[in-house]
Protein chains: 2
Amino acid sequence: MHKYPGQTRLLVAVDCIIFGFDGDALKLLLIKRGFEPEKGKWSLMGGFLQPDESLDNAANRILKKLTGLEGVFLEQLKNASAPQRDPVERTVSVAYSALIDLNKYKEQISSEYHAEWFLLSKKPGLIFDHDKMVEDAIRKLRYNATMHPILFELLPDKFTLPKLQNLYEAIYDTQFDKRNFNRKILSTALLVKQKDKDKSSSKKGAYYYKLDKKKYAANFRSFLHFIPNPDHLLR
Amino acid sequence: MHKYPGQTRLLVAVDCIIFGFDGDALKLLLIKRGFEPEKGKWSLMGGFLQPDESLDNAANRILKKLTGLEGVFLEQLKNASAPQRDPVERTVSVAYSALIDLNKYKEQISSEYHAEWFLLSKKPGLIFDHDKMVEDAIRKLRYNATMHPILFELLPDKFTLPKLQNLYEAIYDTQFDKRNFNRKILSTALLVKQKDKDKSSSKKGAYYYKLDKKKYAANFRSFLHFIPNPDHLLR
DNA sequence: ACAAAAGTGTTCTAAGTACACCCATGC
DNA sequence: GCATGGGTGTACTTAGAACACTTTTGT
């Protein structure tokens, strides 16, 4: 089995950073670590790479096992590889991030699994270097969302333009002009207006929209520039 | 040492994809693999992650050991992790890419080290999944270069606008209007015009420019859009 | 004198931004 | 009838794209 002589083998872990949106604020899914060290502290959902799987497979397996989720937007981020990052044993961790519509899975996740949603603004301190991994993931999410329509992953099938605007404002921690926002969004021709309205947050009600799934899949990589200078977000 | 019981340890490798530009065409640095299997075949510059180093450290160490290069633009790309990608033993490889001014290091590299430059268009087939890793790296390079002034890493200290345009045209395999190109480039205020000219490729001669190093470092993340729709490049 | 590459300016179009009022409804 | 959030249009500014002629100089 060990055919390259004189080399060190080590553990490869996958840690999943899962963002959820409930219509108002951005949240993060965390679990209480079930084994030593740091047992009982909050942690990202993680696991070790198995002999017969790729990293993508491992990320999907771990996400499913710990949350029941399948088929979500899952992106490989940078690796965490400082030699002492796991005090127990040398482990290189590969970060993945996922985006989900929180309402869709809220009960399922919190009842069947020992995971909890935290407001990003009220996130507890995490084990090892997980805090930094989350920071990086947020930065990457913001960056990606400037150029790609990924944020729709965080909304229900039917949503209103004000809700969508809330989401963008939550992610960028800023305010947009609704006229310009609506015009930009609709100019993508990615949304289909519905006949019915959501009256839960106003008397007048706001029209529901649905994603045009075909166009969404096809145009995923040609979106628009929501944020004038996306670059400051990466540093 | 093995304190997480029941888990598989494996090798973590770093492979470096090194791009060079000689003023005309984009090249790739390869070495002949020195050990079995696939000994004697062309390969990326790689090595295994050592116990006491991070991945970034390993990439820099390997690059220096195999080429003598230090302090170049080195970016972590995605991992290659298919279970059978290395037929000898399970290995996860982390790809890094670097950009260098080929003329600056040409002799050093090819004499002291057993590495060779290949025109990208005439690259031989590589071992394992290295061909795919190179493809991904090119795609990422093109994408990054649409928004960041990274391509200056590929040019000498003094260069002319036509040479810079050649570089962009080589990377995107396309043609630009020189009026628009010059205007765009100069509008960044990142270049400082020199008094002397390069007469090697015309009678009239083209003015040299130098990078304003301070502005380059500061403005690295606010560049311009050279390529109308950068997104098709990622897939 | 001419070939070969360098350099330069204007017009048009598209996208972003700023900005203010009317609409529909539940209370 | 009024308070609340939803919806819409216009003028301005900026950036990109298309496009052709003049300049320099070695031969």
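Since the structure is predicted, the reported quantities are computational estimates derived from the model, not experimental observations. Below, read A as the first sequence line, B as the second, and so on, with proteins coming before strands; counting in each chain starts at 1.
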>> One pair to check against side chain to side chain contact (heavy atoms under 4.5 Å, CB included): Asp157(A) and Lys104(A). What are the steps and the verdict?
In response: CA-CA 10 Å; Asp157(A) 288 344; Lys104(A) 216 183 279 178; 4.1 Å; yes
> What integer distance in Å separates Phe181(B):CZ from dA6(C):P?
Replying inline: 12 Å
>> Could you tell me how far apart Phe176(A) (CZ) and dG6(D) (P) are, to the nearest whole angstrom?
In response: 16 Å
>> Distance check needed: dT8(D) C1' versus Lys193(A) NZ, whole Å only.
In response: 10 Å
>> Just the rounded figure in Å: distance from C1' of dT8(D) to CD1 of Ile185(A).
In response: 17 Å
> Taking 4.0 angstrom as the limit, do Lys27(B) and Asp22(B) come out as a salt bridge?
Replying inline: yes
> Of the residues in residues 156-165 of chain B, which ones touch DNA chain D at a heavy-atom distance under 4.0 Å?
Replying inline: none
>> Please report the distance, rounded to the nearest Å, between CG in Asp198(B) and P in dT24(D).
In response: 18 Å
Side-chain donor-acceptor pairs of residues 120-129 of chain A under 3.5 Å, sequence neighbours excluded:
residue   : atom : partner   : partner atom : Å
Lys123(A) : NZ   : Asp131(A) : OD1          : 2.6
Asp129(A) : OD1  : Arg85(A)  : NE           : 3.2
Asp129(A) : OD1  : Arg85(A)  : NH2          : 3.0
Asp129(A) : OD2  : Arg85(A)  : NE           : 2.7

> In B/S/- notation, 5' to 3', how is nucleotides 19-27 of chain C contacted by protein heavy atoms closer than 4.0 Å?
Replying inline: BB--BBBS-
>> Between Asp198(A) and Lys158(A), does any NZ, NE, NH1 or NH2 come within less than 4.0 Å of an OD or OE carboxylate oxygen?
In response: no
>> Please determine whether a side-chain nitrogen of the Lys or Arg among Glu75(B) and Lys140(B) lies less than 4.0 Å from a carboxylate oxygen of the Asp or Glu.
In response: yes
> If you take all heavy atoms of Leu29(B) and Met45(B), which pair is closest and at what distance?
Replying inline: O-CE, 3.0 Å
> Does the side chain of Leu28(B) come within less than 4.5 Å of Ile18(B)'s, by heavy atoms?
Replying inline: no
>> Could you tell me how far apart Tyr207(B) (OH) and dT23(D) (C1') are, to the nearest whole angstrom?
In response: 11 Å
> Does Lys214(A) come within less than 4.0 Å of Asp212(A), counting only side-chain N to carboxylate O?
Replying inline: no
> Can you tell me how far C1' of dG9(D) sits from CG of Leu186(A), to the nearest Å?
Replying inline: 14 Å
